Each structure stands twice: as structure tokens, then as C-alpha cells.
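Chain letters run A, B, ... following the sequence lines, proteins first, then strands; residues in each count from 1. Please read these numbers as outputs of a predicted model, since none were measured by experiment. Hydrogens, waters and symmetry mates are skipped; everything else that's a heavy atom, side chains included, is used.
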Number of protein chains: 2
Amino acid sequence: MEKQTVTIYDVAREAAVSMATVSRVVNGNPNVKPATRKKVLDVIERLDYRPNAVARGLASKKTTTVGVIIPDVTNAFFAQLALGIDDIASMYKYNIILANSDENGSKELQVVNTLLAKQVDGIVFMGNKIGDDIKQEFKRAQIPVVVSGFMGEEDNLPSVSIDYVAATKEAVTNLLNHGNQHVALVTGPIDQAINGKYRLNGYKQALEAAGIEFDDASVFGTNESYDAGYKLAEQLQNSDISAAFVGDDELAAGLLNGLTDRGVKVPEAFEIITSNDTKYAEVTRPKMSSVTQPLYDIGAVSMRLLTKLMNSEEVDERNIILPHGFVERDSAK
Amino acid sequence: MEKQTVTIYDVAREAAVSMATVSRVVNGNPNVKPATRKKVLDVIERLDYRPNAVARGLASKKTTTVGVIIPDVTNAFFAQLALGIDDIASMYKYNIILANSDENGSKELQVVNTLLAKQVDGIVFMGNKIGDDIKQEFKRAQIPVVVSGFMGEEDNLPSVSIDYVAATKEAVTNLLNHGNQHVALVTGPIDQAINGKYRLNGYKQALEAAGIEFDDASVFGTNESYDAGYKLAEQLQNSDISAAFVGDDELAAGLLNGLTDRGVKVPEAFEIITSNDTKYAEVTRPKMSSVTQPLYDIGAVSMRLLTKLMNSEEVDERNIILPHGFVERDSAK
DNA sequence: GTGAAAGCGCTAACAC
DNA sequence: GTGTTAGCGCTTTCAC
């Protein structure tokens with residue numbers, strides 16, 4: 001049994017028209033007489049013809065495929081972004097090549113390269129510290145890239161995110177207002193801009209506004225996992241810190257449970273505010289107060305922005321900040 | 001500034017060899033004299049030539065891309081599978097086109113079609129009830145498909161999963177042994193084979209072995225969400241049911257919290273065993289006892305199986321069952 | 001409104 | 001070992 005692919009040529013022959021005409025009807029080009037169109041459509045139906053997207057991609061230099069570089073699919077934060085991206089992508093008839101980067105520079109570079117080799121029409125990038133080598137590739141490839149879920153850097157790739165500085169400042173101020181003299185900033189790796197730059201900035205601004213001196217020892221860069229949070233509990237228990245703003249929900253859940261298991265009452269003896277309002281914030285007991293981010297929307301807007309860029313449309317704002325909010329629950333007073 | 005793509009032809013000219021030779025060195029074909037190879041490699045380096053995967057795909061009829069159809073990226077169960085799939089895929093130099101299906105038949109069909117149009121070399125399918133229309137497409141396309149995370153059906157597509165019948169039977173037996181006379185089966189939609197067929201079967205087998213009559217009213221098919229579980233709590237509280245085996249961790253977390261919030265003590269007054277041992281099982285208080293599944297491995301093995309199939313290698317077992325286990329935590333006695 | 005023909009960038013016989 | 005030459009299946013000028 002041979003795989004007998006029906007090509008555009010077969011359709012043309014059967015319909016007694018040229019390939020060009022078939023191509024026109026397949027692509028919805030209006031310059032076809034209705035009668036001809038119908039004739040072609042009938043043959044397509046009869047032969048069950050399906051256009052080959054690869055051939056089309058080669059001829060047109062457009063693949064209607066975009067690359068999505070994600071640090072970790074299993075992280076609820078990124079998964080939520082990915083959902084928004086995917087929805088809008090399919091709305092605009094794009095497919096997504098999903099590539100896990102492990103937030104690892106060399107893997108990222110490799111992934112970018114294979115994405116470019118596959119001739120994607122654009123890329124949605126999740127992650128900070130976009131290496132120079134990667135920027136180089138982006139430039140060379142001349143395709144649009146939008147950074148999703150992270151604030152744009154000075155080099156100014158288009159981006160969509162919330163204002164992490166402001167969000168952090170508000171949350172920390174909140175904690176400070178509850179009378180906590182020592183508030184920790186607990187995040188993922190501090191060498192990532194979102195942590196070491198934006199969140200740290202917001203944190204410092206809050207302290208300054210409250211007239212409290214910044215102490216390096218109150219900043220904890222972790223590997224952003226449940227276990228890291230759980231382990232951190234001991235360290236915090238044995239310090240004068242009585243509250244923490246945490247950059248990731250799993251991390252916060254770990255910290256919360258670690259504290260609770262060690263007999264530290266939350267929020268009475270220790271307050272926690274987390275960042276992403278994913279399901280984890282509702283599952284823990286007490287439920288966690290959290291900054292809220294329109295995660296799905298960030299993904300969706302990122303993809304929408306990318307479609308405009310791919311289409312060479314005007315965009316008035318390349319660095320989009322979506323509004324954040326706050327839900328008060330039971331992990332803070 | 002024009003995007004000046006360097007082609008294999010440019011390399012050939014500069015290196016004073018034929019395209020064929022360039023193609024050979026690019027593809028690691030041994031039939032090239034080392035000196036020639038070096039010469040070509042130098043030119044490739046100098047020109048910074050990058051093969052165009054689309055053109056290659058058209059010429060070779062292989063895209064080194066596989067489609068992955070996933071019901072919901074934001075579900076920890078599927079995300080974990082996806083991680084295993086992606087890791088093995090990149091190990092074997094395949095890229096992944098990730099497509100969300102929402103576990104919705106018509107979306108699935110559409111997604112399968114665009115995947116096939118893109119000439120993927122194979123497909124990993126997550127989901128039950130593979131519609132006849134979809135099976136039709138798979139057959140027609142003549143590409144390998146493996147079902148991941150769900151047990152193969154009689155129609156017998158290759159698959160990788162645990163034995164859901166046995167796992168369910170064990171968990172329910174466990175609950176029965178604790179003296180519960182009325183044990184509920186709480187799952188996602190019952191019209192999905194994994195629920196209505198395998199889990200239900202295991203459930204019935206456990207009841208039968210214990211000499212307890214099956215009661216339809218103890219089976220709850222839900223939409224498999226945290227909220228669905230939370231809402232179900234009321235219903236269960238007002239019944240004679242005192243334990244539940246739950247098919248999804250978020251669902252179980254919802255049920256657990258719903259019960260707790262209504263003053264029902266777990267596990268004293270109500271026992272819960274969940275299914276996937278994702279982070280949710282550890283985050284809740286009490287922590288949840290759970291069937292354990294090697295999720296990452298299921299994904300990884302699925303992809304590995306697919307590579308063999310795509311490579312027309314012999315496979316001795318098309319329906320692979322991976323071992324499951326059980327972790328005892330605090331939601332069951 | 002439609003067709004002819006030249007590619008798109010590469011692989012894969014086949015010949016030498 | 002290396003080169004020649006057809007394609008792969010489609011889009012896209014450019015004529016008519």
C-alpha cells in the first residue's frame with residue numbers, strides 16, 4: 001500500500017485548470033470566477049486534496065509557525081502564559097513549536113537556532129537575561145520576537161508583562177504597614193533581571209519609603225521550587241524576619257508549609273504574600289494572599305503583538321505593561 | 001538592509017565543490033574526503049551557512065518534527081508528560097509542535113489536520129476517546145501515533161501508561177480495608193475511557209472482591225477541576241460515603257479543602273486517595289495519599305517508542321504498561 | 001480571470 | 001569520492 005499523495009497538480013489536471021488557479025482558490029484569492037472556483041472545490045473534495053504546508057512554506061517563505069521558548073512547562077506560571085499564547089496563535093492560524101529551555105543559556109541558544117532553521121515566522125520568548133549570542137541570532141534572522149512575562153530590558157525587545165517594580169513595592173509596603181520591621185524578599189535566582197533588578201528595586205523602594213534600611217541578608221535568591229521554600233523556613237524561623245514577599249507560588253507554598261510544620265503560625269507569627277495567584281495560592285491552608293497577574297492575558301497579548309509584528313503592522317507600544325492587582329487571603333494580616 | 005540568505009549553492013560555489021558534496025558534509029555522510037570536508041566546513045563557517053529545514057523537509061519528506069496533542073497544558077499531569085516527551089524528543093533531534101486540544105473532539109480533529117498538513121513525522125496523542133474521524137486521518141496519513149498517559153483501546157494504537165484498572169482497584173481496596181462501607185469514585189467525565197472504563201472497572205473489581213454491591217450513586221463524573229471538587233464536598237458530606245478515590249490531584253485538592261472547610265475532618269471522618277502524586281498532593285494539608293505514576297517516564301517512553309516507530313524499528317510491545325505505586329500520606333488512614 | 005514557467009533550498013538517485 | 005540532474009509541492013510574477 002503506497003502513500004499516494006494528491007498534489008496541487010493532480011487537482012489542476014482533474015479540474016482542467018492550471019496549478020495557479022488551484023492555488024488561488026486554496027488561498028482564497030478573489031480573482032477566480034465563481035464557476036471555476038466551484039469546479040476546483042469539487043475536485044479538491046473528490047480527491048480529498050490537502051495542501052502540503054512544507055512546500056507552501058518553502059515557496060512562500062512563510063511557515064505560519066511560531067517558536068515558543070519556555071523555561072519549564074510544568075511551572076504553572078509559564079503554563080498559563082503558554083495557554084494564552086496558544087489560544088491566540090490558533091485564532092490567527094499559527095502553530096506553535098514549543099521548546100523547553102530550562103532557563104539555561106546554552107540550551108536556549110541551541111533551541112533558538114533550531115527554531116530559526118525551521119523558519120519560524122516569529123518567536124515568543126519567556127525568560128530573562130537574553131544572552132548576547134541569542135540577541136545576535138534574533139537580529140540576524142530578522143524575525144520578530146516578543147518577550148512574554150518578563151519586563152523588557154534596555155535593549156528593548158518588544159515585551160508584555162506587568163510592572164514588577166510597582167507590584168513588589170506595593171506588596172512589600174503592605175507587609176511593612178502591618179508592622180513588620182524585617183521583611184524578606186524571596187525569589188528565584190537573583191541574577192535574573194526579574195528578581196535581581198525589578199523585584200529588588202521595588203523592594204528597596206518600599207523600604208526606603210518606610211524609612212527602613214536595606215539589608216542584604218533579607219534577600220533570598222533560591223532555585224524557585226517547593227522544596228527550596230520548604231527548606232528556607234528553618235532559616236527564616238531563626239531570624240528576626242517576620243514576613244516575606246515571595247516571587248513564585250510553589251516557592252511560597254513550600255515556605256508556608258515549612259513554616260507551619262515547624263510550628264510557626266501564618267499569618268500570626270509570619271506573613272506571606274506571593275506573586276502569581278495560581279491554584280497553589282488557593283490550595284494551601286491558610287490560602288495565600290497574592291499579587292495577581294493576568295497570566296493568560298499576558299500570553300494572549302504577547303501572541304497578538306507578535307502577529308502584528310509578523311504582519312508588519314504598526315504597533316504603538318512595544319513594551320506593554322498589563323495591570324496587576326492583589327487578592328487578600330489568609331497568609332497576611 | 002536585505003535578508004541575504006546563504007544557500008547550499010553559495011557554499012558549493014565558494015568551496016568549489018558541488019551541492020551534493022556540501023549536502024553530504026552537512027548531513028555527516030562519510031563518503032567525503034577529509035580534505036574536502038574541511039574545505040567545505042571552512043566555507044560554511046565563513047559564510048555562516050545554516051541549512052533551511054523547510055527545504056530539507058520538502059526534499060527528504062522528513063521534517064524531524066512531531067506533533068503533540070495535549071488536552072490542557074496547565075494541568076500538572078499533562079505538563080509532566082509533556083516534559084518527558086520534550087526531553088526525549090530533543091535528545092533525538094526532533095522538535096515538537098504542541099497543540100492544545102481542550103479534550104474536545106472537533107478541536108482535536110482540526111489540530112490533527114493541521115499537524116498532518118505540516119507533515120509531522122509522528123504524533124503523540126494525549127486523550128481518550130479518539131474519534132473515528134481522527135483515526136481515519138491517522139490511517140490515511142500513514143504516520144506513527146502513540147497514545148501517552150492513557151491506556152490503549154481495542155483499536156490498538158501504540159500506547160504508554162500505567163495499568164489504571166489495577167491502580168484503581170488497589171486504592172479502592174485500601175479504602176475498603178479501612179472499614180469504609182461506601183467509597184466514592186470521583187473522576188473527570190465518565191464518558192472518557194480512562195474513567196468510565198478502566199477506573200470504573202477497577203473500582204467495581206475492588207467492590208466485588210470485598211463483597212460490596214456496586215451503587216451507581218457513588219460514582220461522580222466531574223469536569224475535573226479544583227472547583228468541581230470543592231463543590232462536590234457538600235454532596236458527599238450529606239451522604240453515607242466516607243471515602244473517595246479521586247482521579248485527579250486538583251480535583252482531589254478541591255474536595256479535600258471543601259470537606260475541611262465544611263468541618264469534615266480528613267482522614268478521620270473522610271478518607272481521600274488521589275491519583276497523580278503531583279505537587280498538589282504535597283501542598284495540601286493534610287497531604288494526600290496517592291497512587292504514583294511515573295509521569296515523566298510515561299512521556300519519555302512514549303516519545304522513545306515513537307522514534308522507533310518513525311524509524312521503522314522493531315518494537316516488541318506496542319502497548320506499554322509502566323509500573324505504578326502508592327505513597328501513603330495523611331489523607332487516608 | 002487564467003495559465004506558463006521560474007523558482008524556493010534542499011536531497012537523492014545515478015553516473016563517472 | 002564527487003558531480004549532475006531531477007525533482008519535492010507549492011507560490012508568484014508576468015503574460016495574455
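One interatomic measurement links the two molecules: NZ of Lys62(A) to P of dG9(C), which rounds to 13 Å at whole-angstrom precision. Look at CE on Met19(B): it is 11 Å from C1' on dG7(D), rounded to the nearest Å. One atom, NZ of Lys118(B), and another, P of dC10(D), lie 15 Å apart when rounded to the nearest Å. Per the geometry, NZ belonging to Lys38(A) stands 15 Å off P belonging to dT2(C), to the nearest Å. If you take CD1 of Ile8(B) and C1' of dG7(D), they are 15 Å apart, rounded to a whole angstrom. One can place CD of Gln119(A) at 9 Å from P of dG9(C), the figure rounded to the nearest angstrom. Nucleotide dC14(C) holds its P atom 16 Å from the CG atom of Asn29(B), rounded to whole Å. Atom CZ in Arg56(A) sits roughly 14 Å away from atom C1' in dT12(D) (whole-Å rounding).
Of the candidate nucleotides dT11(C), dC10(D), dG1(C), dC10(D) has the atom lying nearest to any side-chain atom of Pro51(A). Closest to the side chain of Ala20(A), from the set dG3(C), dT11(D), dG9(D), is dG3(C). Taking only side-chain atoms of Asn52(B), from C-beta outward, the nucleotide of dT11(D), dC10(C), dC8(D) with the closest atom is dC10(C). The side chain of Tyr49(B) approaches dC10(C) more closely than any other nucleotide in the set dG7(C), dG3(C), dC10(C).
When the side-chain nitrogen and oxygen atoms of Lys61(B) are compared with OP1 and OP2 of dC10(C), none of them lie within a distance under 4.0 Å. Between Thr36(B) and dG1(D), a side-chain N or O to OP1/OP2 separation shorter than 4.0 Å is absent. For dT2(C), the OP1/OP2 oxygens have no side-chain nitrogen or oxygen of Asn31(A) closer than 4.0 Å. Between Thr7(A) and dG9(D) there is no side-chain N or O to OP1 or OP2 distance below 4.0 Å. Close to dA12(C), at under 4.0 Å from its OP1 or OP2, lies no side-chain N or O of Ser23(B). Between Ser60(A) and dT12(D) there is no side-chain N or O to OP1 or OP2 distance below 4.0 Å. Under 4.0 angstrom from either OP1 or OP2 of dG3(D) there lies at least one side-chain N or O belonging to Thr21(B).
No more than 12 heavy atoms of other residues, nucleotides or ligands sit less than 6.0 Å from atom CD of Glu45(A). Summarising the local packing, CD of Glu317(B) is surrounded by more than 12 heavy atoms from other residues, nucleotides or ligands at distances under 6.0 Å.
Within the 4.0 angstrom heavy-atom criterion, no nucleotide atom of any strand lies near Val54(A). Val26(A) comes within 4.0 angstrom of no nucleic acid atom, judged by non-hydrogen atoms across all strands.
A donor and an acceptor atom, one from each side chain of Ser90(B) and Asp86(B), are nowhere located under 3.5 Å apart. No side-chain donor from either of Lys118(B) and Thr63(B) sits under 3.5 Å from a side-chain acceptor of the other. For the residue pair Thr65(B) / Asn95(B), no side-chain donor-acceptor distance below 3.5 Å is found, with atom types taken as modelled.
Relative ring orientation between Phe138(B) and Phe125(B) is described as perpendicular, the plane-to-plane angle rising above 60° on a 0-90° scale split at 30° and 60°.
Residue side chain Arg24(A) reaches the base of dG3(C) through a donor-acceptor N/O pair under 3.5 Å, judged by distance alone.
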